[in-house]
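What follows is a single structure, written as structure tokens, with notes after it.
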Amino acid sequence: NAGVTQTPKFRVLKTGQSMTLLCAQDMNHEYMYWYRQDPGMGLRLIHYSVGEGTTAKGEVPDGYNVSRLKKQNFLLGLESAAPSQTSVYFCASSYLSGEKLFFGSGTQLSVL
Amino acid sequence: GESVGLHLPTLSVQEGDNSIINCAYSNSASDYFIWYKQESGKGPQFIIDIRSNMDKRQGQRVTVLLNKTVKHLSLQIAATQPGDSAVYFCAEKIPGAQKLVFGQGTRLTINP
């Protein structure tokens, strides 16, 4: 039972490049989330999903897109990366809406 | 606790002592609260949660106390061990919301 798996673990991008972060969970959870974590700040919600085929905006959605084509996967895309998107990104999933989230180990992204 | 800026509140305790980490939450309508532990380079790990119809909940070596009158949450760790060194986050959820809102964290340091 792997829980929540994120790939890649590290990535460096140049401004304007695009990339996709992949999150996979094997707990059959309906709810999935993408958070970003910046130094000295708590986790901020980017986008979330309440089930397969659904997505919704969180607190800081600008510059990001998401897709949930399969229940177990939640993808976070950056179409044109900016230095302000340098951060650590965490994916999470939960059985109940907004409760007892299980987190992945994170992706450290640097945009130069 | 909560803070603004790049510097996390820090709590230093002696190994074997009890630790108390405090959190002031923002929304009086919040009905669910949770504590996470985050070690360096890892994702947040669930510690304990509590609903607003309770004042206290105990786990293994941890106790969460909720004071709704002053919107205060605390995490007590008994007999603190070196492995307890981490950043601790509280989070809250309001009824009907799909997301957790995280505080900025407190760094717990254990002195030998």
Side-chain angles (χ1 to χ4, degrees), chain A residues 2-7 9-10 21 23-25 27 29-51 54-61 66 68 74 87-109, chain B residues 1-10 21-27 29-54 57 59 62 64 73 86-107:
Chain A
V4 179
T5 304
Q6 292 182 232
T7 53
K9 294 189 182 301
F10 302 94
L21 280 66
C23 177
Q25 53 97 2
M27 296 173 282
H29 286 166
E30 288 291 341
Y31 302 90
M32 296 189 75
Y33 315 81
W34 277 106
Y35 283 86
R36 61 177 287 173
Q37 185 175 40
D38 300 296
M41 303 181 72
L43 294 120
R44 293 184 292 168
L45 183 65
I46 305 171
H47 286 281
Y48 63 96
S49 168
V50 301
T54 75
T55 63
K57 293 180 180 180
E59 303 169 64
V60 289
V66 287
R68 184 109 181 261
F74 195 29
S87 188
V88 181
Y89 292 85
F90 287 101
C91 176
S93 70
S94 67
Y95 177 69
L96 296 176
S97 172
E99 297 187 7
K100 199 170 181 179
L101 276 60
F102 290 85
F103 284 84
S105 57
T107 296
Q108 187 167 335
L109 175 66
Chain B
E2 304 292 324
S3 71
V4 176
L6 297 179
H7 300 290
L8 288 176
T10 301
I21 302 170
N22 296 304
C23 177
Y25 64 91
S26 59
N27 195 323
S30 293
D31 64 349
Y32 175 82
F33 306 88
I34 189 168
W35 280 98
Y36 282 93
K37 172 186 180 182
Q38 187 176 24
E39 297 175 276
S40 181
K42 297 184 178 180
Q45 178 185 0
F46 168 81
I47 302 173
I48 193 167
D49 57 0
I50 187 169
R51 298 193 183 279
S52 59
N53 61 353
M54 301 174 68
R57 191 173 186 205
V62 295
V64 56
L73 192 68
V87 176
Y88 290 81
F89 292 96
C90 65
E92 62 185 298
K93 187 175 83 72
I94 63 174
Q98 309 288 354
K99 62 180 185 179
L100 285 172
V101 177
F102 284 81
Q104 294 181 357
T106 296
R107 185 179 303 280

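A quick note: this is a predicted structure, and the numbers were derived from the prediction, not measured. Naming convention: chains lettered A, B, ... in sequence-line order (proteins, then strands); numbering from 1 in each chain.
- Among the candidates Ala97(B), Gly43(B), Ala91(B), Pro44(B), the residue making the largest number of heavy-atom pairs closer than 4.5 Å to chain A is Pro44(B).
- Top candidate by heavy-atom pairs under 4.5 Å with chain B, chosen from Ser97(A), Ser105(A), Gly104(A), is Ser97(A).
- Here the closest non-hydrogen pair linking Tyr36(B) and Leu101(A) is OH-O, 2.7 Å.
- The part of Leu96(A) that comes within reach of chain B is its side chain, from C-beta onward, which places non-hydrogen atoms under 4.5 angstrom from that chain.
- Closest of all the heavy-atom pairs between Tyr32(B) and Lys100(A) is OH-N, 3.1 Å.
- In this structure, the separation between OH on Tyr35(A) and CG on Leu100(B) is 5.0 Å, given to the nearest 0.5 Å.
- Annotation: Phe46(B), atom CZ; neighbour count of heavy atoms from other residues, nucleotides and ligands within 6.0 Å is above 12.
- Between the side chain of Tyr31(A) and the backbone N or O of Gln98(B), no donor-acceptor pair lies under 3.5 Å.
- Neither the backbone nor the side chain of Gln45(B) comes within less than 4.5 Å of any heavy atom of chain A.
- For Gln37(A), the part lying near chain B is the side chain, with the backbone staying farther off; criterion is any non-hydrogen pair under 4.5 Å.
- Each of Gly98(A), Cys91(A), Gly42(A) has some count of heavy-atom pairs under 4.5 Å with chain B, and the biggest count is that of Gly98(A).
- When heavy atoms are compared at a cutoff of 4.5 Å, Ile34(B) approaches chain A solely by way of its side chain, counted from C-beta outward.
- For Arg44(A), the CZ atom is densely surrounded, since the number of other residues' heavy atoms within 6.0 Å is greater than 12.
- In this structure, chain A has a heavy atom under 4.5 Å from the backbone of Lys42(B), while its side chain stays farther away.
- Heavy atoms closer than 4.5 Å to chain B are found in both the backbone and the side chain of Leu43(A).
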